[in-house]
2 protein chains.
Amino acid sequence: MQPTEAPMSTALDTITAKKPRRADALRNYEALLAAAREAFAASGTDASLEDVARRAGVGIGTLYRNFPARDDLIEAVYVSEIEALAAVADEVRNDAAWPALTRWLDRFVDYIGTKRVLIEAMNRDSEVMAACRTAMYEAGGPVLARAQAEGVARDDVDVIDVVRMVAGVAGVQADPDQRRRLVDVAIDGLRAR
Amino acid sequence: MQPTEAPMSTALDTITAKKPRRADALRNYEALLAAAREAFAASGTDASLEDVARRAGVGIGTLYRNFPARDDLIEAVYVSEIEALAAVADEVRNDAAWPALTRWLDRFVDYIGTKRVLIEAMNRDSEVMAACRTAMYEAGGPVLARAQAEGVARDDVDVIDVVRMVAGVAGVQADPDQRRRLVDVAIDGLRAR
DNA sequence: CACGGTAGCGGAGGCACCCTCCGCTTGCAA
DNA sequence: TTGCAAGCGGAGGGTGCCTCCGCTACCGTG
């Protein structure tokens, strides 16, 4: 464990370290990221990379130099959003144990419910995403642990179970009302019996 | 409602009606289906269609004549499996209300858990798949209704909710143990409080 | 059985995308 | 100002998608 004063090391750092150093190159890098975010939002993460390069106004070669694989680009686009997701757990620090748990998960669902790409991105098998997941588990773990310690949440599940289950339910194709209902049912399953 | 003696009309019929009539054409049709099943199992539903045609030993044109869109091929491959899925609900007809519900859903999860493609296929937006879903809801509806009537299942959900939720949880990337645990939690959320 | 019409065949071809490679350009340190 | 390496970008080879249409061979009819 690091002393809390030290700047927290995040998965973002891993990405930032890869940014190019020259001014023109940096401009291109940012343009690519913006174009990719736009394209992924419009057509999912399998949008055409040539199209991304075109939108960004750079050559395809430049895209591939900055992001050798499609996954690298996806990660760069979504890492910051996923980190924000982890931060959601902090918002409920002062709630009572069970409401804290439900509010955390509800916020979580609100956040990812509309963008299925985020769930996919989160499940991606890569170093960076693994770091993201860890961050998320570390943030949510205490919320669950508190509810379990107070006996309001069943204790045969861990935080990974909870996040996976909720993400699974949140990812179903359904209108927002139905999704909310499904998530509520699933969360209800977490109550201590 | 049809009298029960009449042969039940199934989504399969819609597919069967599209089979070619000439002997050589029928052979090709079956070969394509077999090749596609194999290819989809190996590389998912985005396997190369040219490869499917090659494996089947027919020209690419033949594939496209029988299955004008990729989805048509996917449907033809999976419709029968999804119908089997609906039949699972019949197995539990004689169980007590709550065990019937849990057993139905457990069997359901066993069936689709390993093949994510099936879940995807099921959510596909098409006439045939809609018929499949309807069949499934009609099979599972009574199981849920019985549990609700006896007051052991919460009554603010319908069968569509239940199937969607369970399918969502069953689709998460996880080892079988974890998946089983997650599904149990979610199903537990269905208990009347 | 012979034969004609037509259902069905299959692959060439046009298009889009993937990714690599390498000769040219340009930012920046000295 | 200048030299050079970091960076550029697009041509090109490969693969897959899907359409189109001249040819093949099944099968109903006489």
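Naming convention: chains lettered A, B, ... in sequence-line order (proteins, then strands); numbering from 1 in each chain. Here the structure is a predicted model, which is why all the values come from computation and not from measurement.
- Atom CG in A/Leu26 sits about 16 Å away from atom P in D/dA6, given to the nearest Å.
- Separating the CZ atom of B/Arg27 from the P atom of D/dA25 is a distance of 12 Å, rounded to the nearest angstrom.
- B/Arg65 comes within contact range of at least one nucleobase, with a heavy-atom separation under 4.0 Å.
- With A/Asn66 contributing its side chain and A/Thr62 its backbone, the two residues share a donor-acceptor pair below 3.5 Å.
- In this structure, B/Leu63 and B/Leu49 approach most closely via the heavy-atom pair CD1-O, 3.4 Å.
- Contact footprint of chain B on DNA chain C: nucleotides with an atom under 4.0 Å from a non-hydrogen protein atom, first to last in 5' to 3' order, C/dA7 to C/dA12.
- Considering every non-hydrogen atom in both A/Ala121 and A/Ile74, the closest pair reads CB-CG2, 4.3 Å.
- Spacing between atom CG of B/Asp24 and atom P of D/dA25 amounts to 10 Å, rounded to whole angstrom units.
- Residue order along DNA chain D, read from the 5' end via each residue's closest nucleotide, puts B/Asp51 first among B/Asp51 and B/Arg22.
- If you check residues 53-61 of chain B against DNA chain C, the residues with a heavy atom closer than 4.0 Å are B/Val58, B/Gly59, B/Ile60, B/Gly61, listed by number.
- Between A/Asp46 atom CG and D/dC17 atom C1' there is a gap of 15 Å when expressed in whole angstrom units.
- In terms of heavy-atom proximity, B/Val117 sits nearest to B/Gly44 at CG1-CA, 4.3 Å.
- Listed pair A/Asn28 / D/dG7 fails the phosphate criterion, with no side-chain N or O lying under 4.0 Å from OP1 or OP2.
- The pair B/Asp110-B/Arg180 counts as a salt bridge, with a side-chain nitrogen and a carboxylate oxygen less than 4.0 angstrom apart.
- Side-chain atoms of B/Asn28 never come within 3.5 Å of backbone atoms of B/Ala25 as a donor-acceptor pair (strictly under, hydrogens ignored).
- Residues A/Ala23 and B/Glu50 each lie close to DNA chain C; by heavy-atom proximity, the contact nearer the 5' end of the strand is made by B/Glu50.
- Counting non-hydrogen atoms under 4.0 angstrom, B/Thr62 reaches a base of the nucleic acid.
- The main-chain N or O of B/Gln173 is found under 3.5 Å from a side-chain atom of A/Arg164 such that the two form a donor-acceptor pair.
- By the 4.0 Å N-to-carboxylate-O rule, B/Asp90 lies close enough to B/Arg93 to be salt-bridged with it.
- Between B/Asp188 and A/Arg191 no salt bridge is recorded (no basic side-chain N to carboxylate O distance below 4.0 Å).
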